[in-house]
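Quantities reported herein were computed from a predicted structural model and do not represent experimental measurements. The figures here come from the full heavy-atom set of this structure, side chains too, leaving out hydrogens, waters and symmetry mates. In each ligand, atom 1 is the first atom listed, and ligand 1 is the first ligand listed.
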Amino acid sequence: MLSISEPCTFALFGAMGDLALRKLFPALYQLDRAELLHEHTRLLALAREPGDAAFHLNEIEEHLKEFVPAAQLDEGVLARFKARLDYVHVDFLKADDYTHLAERIGEAATVIAYFATPAAVYGAICENLAQAGLAERTRVVLEKPIGHDLASSRTVNDAVARFFPENRVYRIDHYLGKETVQNLIALRFANSLFETQWNQNYISHVEITVAEKVGIEGRWGYFDKAGQLRDMVQNHLVQLLCLIAMDPPAELSADAIRDEKVKVLKALQPITGEALHSQVVRGQYIAGYSEGRAVPGYLEEENSNPQSDTETFVALRADIRNWRWAGVPFYLRTGKRMPQKLSQIVIHFKEPPHYIFAPEQRMQISNKLIIRLQPDESISLRVMTKEQGLDKGMQLRSGPLQLNFSDAYRSARIPDAYERLLLEVMQGNQNLFVRKDEIEYAWKWCDQLIAGWKKAGDAPKPYAAGSWGPMSSIALITRDGRSWYGDI
Ligand SMILES: NC(=O)C1=CN([C@@H]2O[C@H](COP(=O)(O)OP(=O)(O)OC[C@H]3O[C@@H](n4cnc5c(N)ncnc54)[C@H](OP(=O)(O)O)[C@@H]3O)[C@@H](O)[C@H]2O)C=CC1
Ligand SMILES: O=C1O[C@H](COP(=O)(O)O)[C@@H](O)[C@H](O)[C@H]1O
């Protein structure tokens, strides 16, 4: 049972930006609708766009109506939500504007400052909040990406740390707010069945796929400087890998979980030299088809630079140098403009040690645990059984033991990741947020990859929009005698 959050003033910096309008206000609305916002909680939309507050509030409402499903828009809840919400004109870089902001915040005991802005201004906002006397009662929420490499992430983190201790810094990785991602912790540590098998004695390899159907969606300016490795691997895929690979924490506290994740990050084998070619594939989509519709290639997208060699796809084999995972590859892949939106983790168990069935069935013999993060959230264990029927003999078949969340919990709506994360910040719980050292170790691992790519100077491999990536990403795994699970 969720407890209602304590009262707070939620100050949303960058309130008229894409993330705020598309994700954050709808998530706050859903929390209100679920009666999880305290009656005294207030929401301040902060932006530098001048003009009438009513005009901007109206724009927020219009976006709410666009991004909240119509069946969930309730007049009563909307009225309550609007009564909590105010627009404040602030230039985040102008210290003087914070005097006015502090007045609007008033005596609120807890302030949540959510930075839906470029990371370059996080430090200045923190300094201005501190100068306005707000730091002691404020939790700050930082959006990803924090920097674009280890050095710049340290600059951002250090600038924030001058004014806010780590226990009041909440670094968002929205994948950690997805219900099925949290379920990984329940699955692993509330079921002794799995934990006893969770190591190199029983697991042959692990696949993590985060495929996106969309292309760049008007974000070329941001994306082209980042690329898929920085945008998706450094954060979401590495976090998923950590949750799969970490040792059991001693307790369910933020630092116990983060300590275990950091051990995994430290044990990640750097990918350098020849391995950069054999273990990593960079791709860039060219024109193709998405849902039967012709779509342009990356270099033909709006505002593109036709010379760009930024990758929109990455597949790689990661190895973890520790006792639990020695010899167990983690195959990661993620890309834009793939055939479907699909995030899933597949744990492949080893074959039984002694094989007694017909030789032609041997390839099928391996249990798989398939954790579908989105869409159709589910956990399914593929087990071997005998085909039914007198005519079948000992013919094996692989079938699922399936837990589909929308069937199993039929009445419950699966909340968006941001709803969970905003609620956790309001409750002061850092379990689902990323600590400074996690970000930095993840950057360190990615930086050496990027440096290797730069040195080699290879162009990304083309793949047609609507495909599963360059052919070499298939070779990457088939070379090890395996294949990506379920590709069609
Ligand atoms: N959009 C998304 O889906 C995702 C975004 N993020 C991260 O979230 C953050 C916000 O992203 P997004 O919403 O897309 O970006 P936008 O550019 O759409 O929004 C950023 C907002 O910050 C405002 N801003 C910047 N500097 C100042 C300033 N000095 N004073 C006042 N306002 C300022 C901008 O105002 P103005 O328009 O006037 O410049 C803009 O409204 C980024 O860190 C991004 O990396 C992370 C994951 C997904
Ligand atoms: O952080 C990001 O994530 C989205 C994908 O998120 P999802 O919840 O829709 O899977 C990605 O499109 C975006 O480029 C990236 O910045």
Open item on the list: Under 4.0 Å, heavy-atom basis, I'd like to know which part of F223 is in contact with ligand 2: side chain, backbone, both or neither.
Closed with: neither
- [ ] Using the six-membered ring wherever Trp is involved, compare the ring planes of H236 and Y175 and label them parallel, tilted or perpendicular (cut-offs 30° and 60°).
- [x] parallel
Nearest protein heavy atom to [atom]: under 4.0 Å?
atom                    : result
atom 42 (C) of ligand 1 : yes
atom 19 (O) of ligand 1 : yes
atom 3 (O) of ligand 1  : yes

Open item on the list: Using ring centroids (six-membered ring only for Trp), state whether H205 and F330 fall under 6.0 Å.
Closed with: no
Task: W220-Y298 aromatic ring centre distance below 6.0 Å - done: yes
Best match, [options]: closest heavy atom to [atom]:
atom                    : options             : result
atom 40 (C) of ligand 1 : P118, G17, A15      : G17
atom 5 (C) of ligand 2  : Q374, E212, R219    : E212
atom 16 (O) of ligand 2 : D231, I172, D416    : D231
atom 6 (N) of ligand 1  : K144, E49, H89, R48 : K144

What do you reckon, does [X] put a non-hydrogen atom under 4.0 Å from ligand 1?
X    : value
R22  : yes
L21  : no
Y122 : yes

Task: Derivation of the salt bridge (charged side-chain N to carboxylate O under 4.0 Å, His left out) call for D458 and R282 - done: CA-CA 9 Å; D458 300 337; R282 292 174 78 215; over 6 Å; no
Decide yes or no for [X] and [Y]: does some side-chain heavy atom of the first lie under 4.5 Å from some side-chain heavy atom of the second?
X    : Y    : answer
I125 : F13  : yes
V346 : W484 : no
C8   : V111 : no

I want to know if ligand 1 touches [X] in the polar sense, i.e. an N/O pair below 3.5 angstrom.
X    : value
F92  : yes
G14  : no
R219 : no

TODO: Look only at interatomic distance and state if Y222 has a nitrogen or oxygen under 3.5 Å from any nitrogen or oxygen of ligand 2.
DONE: no
TODO: Consider every N or O of S343 and every N or O of ligand 2, then say whether any pair is closer than 3.5 Å.
DONE: no
Only pairs under 3.5 Å count here: list side-chain donor-acceptor contacts from residues 55-69, not counting sequence neighbours, and write none if there are none.
{"residue": "H56", "atom": "NE2", "partner": "E49", "partner atom": "O", "Å": "3.3"}
{"residue": "H56", "atom": "NE2", "partner": "P50", "partner atom": "O", "Å": "2.9"}
{"residue": "E61", "atom": "OE1", "partner": "K82", "partner atom": "NZ", "Å": "3.1"}
{"residue": "E61", "atom": "OE2", "partner": "K65", "partner atom": "NZ", "Å": "3.0"}
{"residue": "E61", "atom": "OE2", "partner": "K82", "partner atom": "NZ", "Å": "3.4"}
{"residue": "H63", "atom": "ND1", "partner": "E59", "partner atom": "O", "Å": "2.9"}

With distance as the sole criterion, is a donor-acceptor pair present between the side chains of [X] and [Y] under 3.5 Å?
X    : Y    : result
Q279 : Y331 : no
S378 : R372 : no
Q344 : E207 : no

Got the closest protein heavy atom to [atom], with its distance?
atom                    : value
atom 9 (O) of ligand 2  : K341 NZ, 2.7 Å
atom 6 (O) of ligand 2  : H174 NE2, 3.1 Å
atom 10 (O) of ligand 2 : Y175 OH, 2.5 Å

Open item on the list: Assess whether a salt bridge exists between R317 and D319, defined as any Lys/Arg side-chain N lying under 4.0 Å from an Asp/Glu carboxylate O.
Closed with: yes
Task: E166 with R435: basic N within carboxylate O range, under 4.0 Å - done: no
Task: Residue H236 vicinity, atoms of ligand 2 by number, heavy atom under 4.0 Å - done: 1 (O), 2 (C), 3 (O)
Open item on the list: With heavy-atom distances below 4.0 Å as the criterion, list the atoms of ligand 2 near M232.
Closed with: 2 (C), 3 (O), 11 (C), 15 (C)
Task: K336 touching ligand 2 at heavy-atom level, < 4.0 angstrom - done: yes
